[in-house]
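All values below come from the heavy atoms of this structure, side chains included, with hydrogens, waters and symmetry mates left out. Numbers restart at 1 for each chain; the letters A, B, ... are given by sequence-line order, proteins then strands.
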Protein chains: 2
Amino acid sequence: MDDEKSYSVDKIAPQPTIRRIPSYLRILYEYQAEGNQWISATDIAERLSLKPIQVRKDMSFTGITGKPKKGFLIQDLITSIRNFLGWTRASDAVIVGTGALGSALLGYKSFSHQGLNIVAAFDKDPDRVGKTIRGMKVLSMEELPELVSRMHVRIGIITVPSEAAQEVADVLVSAGIEGIWNFSPTKLKTPSSVVVQKEDLCSGLAVLSVKMGARHSNGEDGRD
Amino acid sequence: MDDEKSYSVDKIAPQPTIRRIPSYLRILYEYQAEGNQWISATDIAERLSLKPIQVRKDMSFTGITGKPKKGFLIQDLITSIRNFLGWTRASDAVIVGTGALGSALLGYKSFSHQGLNIVAAFDKDPDRVGKTIRGMKVLSMEELPELVSRMHVRIGIITVPSEAAQEVADVLVSAGIEGIWNFSPTKLKTPSSVVVQKEDLCSGLAVLSVKMGARHSNGEDGRD
DNA sequence: TAGATTGTTAATCGATTAACAATC
DNA sequence: TAGATTGTTAATCGATTAACAATC
């Protein structure tokens with residue numbers, strides 16, 4: 001049963017690598033805007049306070065090859081990374097939940113650079129339906145299945161309160177969505193064919209808190 | 001003889017453990033609200049699709065001890081986790097940048113449960129200063145140093161565009177802030193005494209994209 | 001050329017999981 | 001008691017870092 005896949009024989013990238021790659025892409029655009037054509041792993045590492053070896057290793061997963069002494073051709077590296085991430089063209093997405101976080105994401109202009117194109121926003125609340133948020137008219141949940149299937153939308157973003165999240169996920173799944181970006185703190189039940197990525201702001205806050213606490217239990221006081 | 005702080009000698013928790021702990025806390029409140037007094041690692045693992053052994057190991061870092069056959073006393077575990085995270089009382093924080101993301105965070109009511117209490121919001125834009133967002137009057141940057149030092153605010157949240165982020169960080173640092181929660185995609189330069197936690201939404205999107213892409217290169221089609 | 005940088009294999013480090021005795 | 005669950009030590013797995021040859 002493990003007849004080799006045609007070309008995905010390459011070792012798959014570790015998740016930490018995948019998470020770092022968008023920041024590399026950002027640096028590349030910056031570096032290019034500064035008029036450069038080449039960039040080395042050392043350059044990238046410096047801007048992000050990483051070690052060059054790690055950048056090099058990460059890059060190797062994207063399939064890029066560089067030139068000793070020069071580094072990587074920025075344009076090629078950008079292409080390579082965008083291919084790796086599947087960000088060659090922005091995927092259409094819908095967002096469900098037009099509260100504060102939802103409208104923040106709607107307004108996040110640079111998603112287009114990040115392979116995401118939000119094409120519609122939905123809300124259950126009749127008071128919100130019909131309103132325009134960041135230039136986008138809020139649609140009712142009833143309109144979701146038809147729009148998703150007509151436009152072949154692959155990604156659904158959930159920014160509703162946690163009580164409503166599962167219900168929304170069910171609607172998205174039966175509308176044929178393939179991936180869910182879940183900003184509610186709820187663990188969703190979905191068929192295994194659907195990819196779910198959960199964001200949890202609290203985990204970052206926990207890291208900050210523990211680091212700050214550790215500093216203090218070391219007897220320090222925050223003064224220098 | 002080692003009646004020193006019992007915690008400081010313990011092995012420190014891995015970062016992945018720290019990131020999972022807030023989700024445990026959430027489950028505990030849920031479970032308690034359902035009228036339970038005890039919870040086992042197995043119960044927690046089930047709700048979060050983790051393995052019981054991992055939950056048990058994570059818990060051990062908080063210093064809790066359970067009872068064989070029963071699990072953990074929920075109330076004790078909550079206390080233990082809150083101590084571990086330093087969330088026994090909410091830390092005061094200020095937020096700089098009242099754009100979409102900033103006002104979303106301002107509106108995030110449940111931060112109070114998560115050890116964070118936003119006491120003031122600042123913005124550079126004179127059009128925003130004086131306006132009220134989510135019940136909080138937006139202050140000008142000039143007022144920041146005095147407020148931070150008067151209230152002994154320890155945490156600053158940065159939700160400004162990336163060009164402005166470093167400048168804001170500098171103001172926060174010289175006002176005496178001890179930790180920065182950075183939502184801009186900029187790597188900040190700060191003295192080592194200041195703890196910085198950077199959030200990057202794109203990294204989650206990258207993981208989603210790659211997982212969805214991988215599915216397709218396996219020859220699947222998203223249908224079941 | 002000499003030296004910087006790549007790309008790869010091997011070594012190390014850190015996190016997760018397994019095994020199992022203790023115990024309620 | 002018997003059995004479920006804890007807590008800890010050891011084994012495994014995965015990610016990072018080191019070492020180094022290749023090369024421009």
Measure [atom1]/[X] against [atom2]/[N] and give the value in whole Å, please.
X: A:Leu73; N: C:dT6; atom1: CG; atom2: P; answer: 13 Å
X: B:Arg19; N: C:dT16; atom1: CZ; atom2: C1'; answer: 17 Å
X: B:Asp43; N: D:dA4; atom1: CG; atom2: C1'; answer: 12 Å
X: A:Leu77; N: C:dT5; atom1: CG; atom2: P; answer: 16 Å
X: A:Ile44; N: C:dT6; atom1: CD1; atom2: C1'; answer: 13 Å
X: B:Gln54; N: D:dG14; atom1: CD; atom2: C1'; answer: 13 Å
X: B:Ile64; N: D:dT5; atom1: CD1; atom2: P; answer: 17 Å
X: A:Lys11; N: C:dA10; atom1: NZ; atom2: P; answer: 10 Å

From C-beta outward on [X], which listed nucleotide comes closest to its side chain: [options]?
X: B:Pro68; options: D:dG7, D:dA4, C:dA4; value: D:dA4
X: B:Phe72; options: C:dT16, D:dA15, D:dT6; value: D:dT6
X: B:Ile53; options: C:dA19, C:dA4, D:dT17; value: C:dA19
X: B:Lys69; options: D:dG3, D:dT23, C:dG3; value: D:dG3

Scan B:Ile27, B:Asn36, B:Thr79 and name whichever one has a side-chain contact (heavy atoms from CB on, under 4.5 Å) with B:Ile74.
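Option passing the side-chain contact (heavy atoms from CB on, under 4.5 Å) with B:Ile74: B:Asn36.
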Scan side-chain atoms only and decide if B:Glu199 and B:Trp181 contain a donor-acceptor pair under the 3.5 Å cut-off.
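The answer is yes; a qualifying pair exists.
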Would you say the side chains of B:Asp43 and B:Ser40 form a donor-acceptor pair under 3.5 Å?
yes
Taking 4.0 Å as the cut-off, does a side-chain nitrogen or oxygen of [X] come that near to OP1 or OP2 on [N]?
X: B:Lys67; N: D:dT6; answer: no
X: B:Arg20; N: C:dT16; answer: yes
X: B:Arg56; N: D:dG7; answer: no
X: A:Lys70; N: D:dC24; answer: no

Using a cut-off of 4.0 Å on non-hydrogen atoms, how would the nucleic acid contact of B:Lys57 be classed: base, sugar-phosphate, or nothing?
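Touches a base.
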Base, sugar-phosphate alone, or nothing: which one does A:Ser60 contact when heavy atoms must sit under 4.0 Å apart?
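Nothing, no heavy atom under 4.0 Å.
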Is there a Watson-Crick or G-U wobble partner for D:dC24 with both distances under 3.5 Å, and if so, which one is it?
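Its partner is C:dG3 (Watson-Crick or G-U wobble, both distances under 3.5 Å).
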For D:dA19, give the paired nucleotide (Watson-Crick: N1-N3 plus N6-O4 or O6-N4; G-U: N1-O2 and O6-N3; both under 3.5 Å), or none.
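Partner of D:dA19: C:dT8.
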Taking atom CH2 of A:Trp38 and atom CG of A:Leu73, what is their separation to the nearest 0.5 Å?
4.5 Å
Which residue lies toward the 5' end of DNA chain D, B:Gly66 or A:Lys51, if each is placed at its nearest nucleotide?
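This one resolves to B:Gly66.
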Which residue lies toward the 5' end of DNA chain D, A:Asp58 or B:Ser40, if each is placed at its nearest nucleotide?
B:Ser40
In sequence, state the C-alpha distance, the side-chain angles, and the governing distance for B:Gln166 and B:Asp170, and then conclude on side-chain hydrogen bond (donor to acceptor under 3.5 Å, both in side chains).
CA-CA 6 Å; B:Gln166 183 60 55; B:Asp170 294 343; 2.8 Å; yes
Can you see which heavy atom on A:Gln197 is nearest to which on B:Val207, and at what distance?
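Where A:Gln197 meets B:Val207 most closely, the heavy atoms are OE1-CG1, 3.3 Å.
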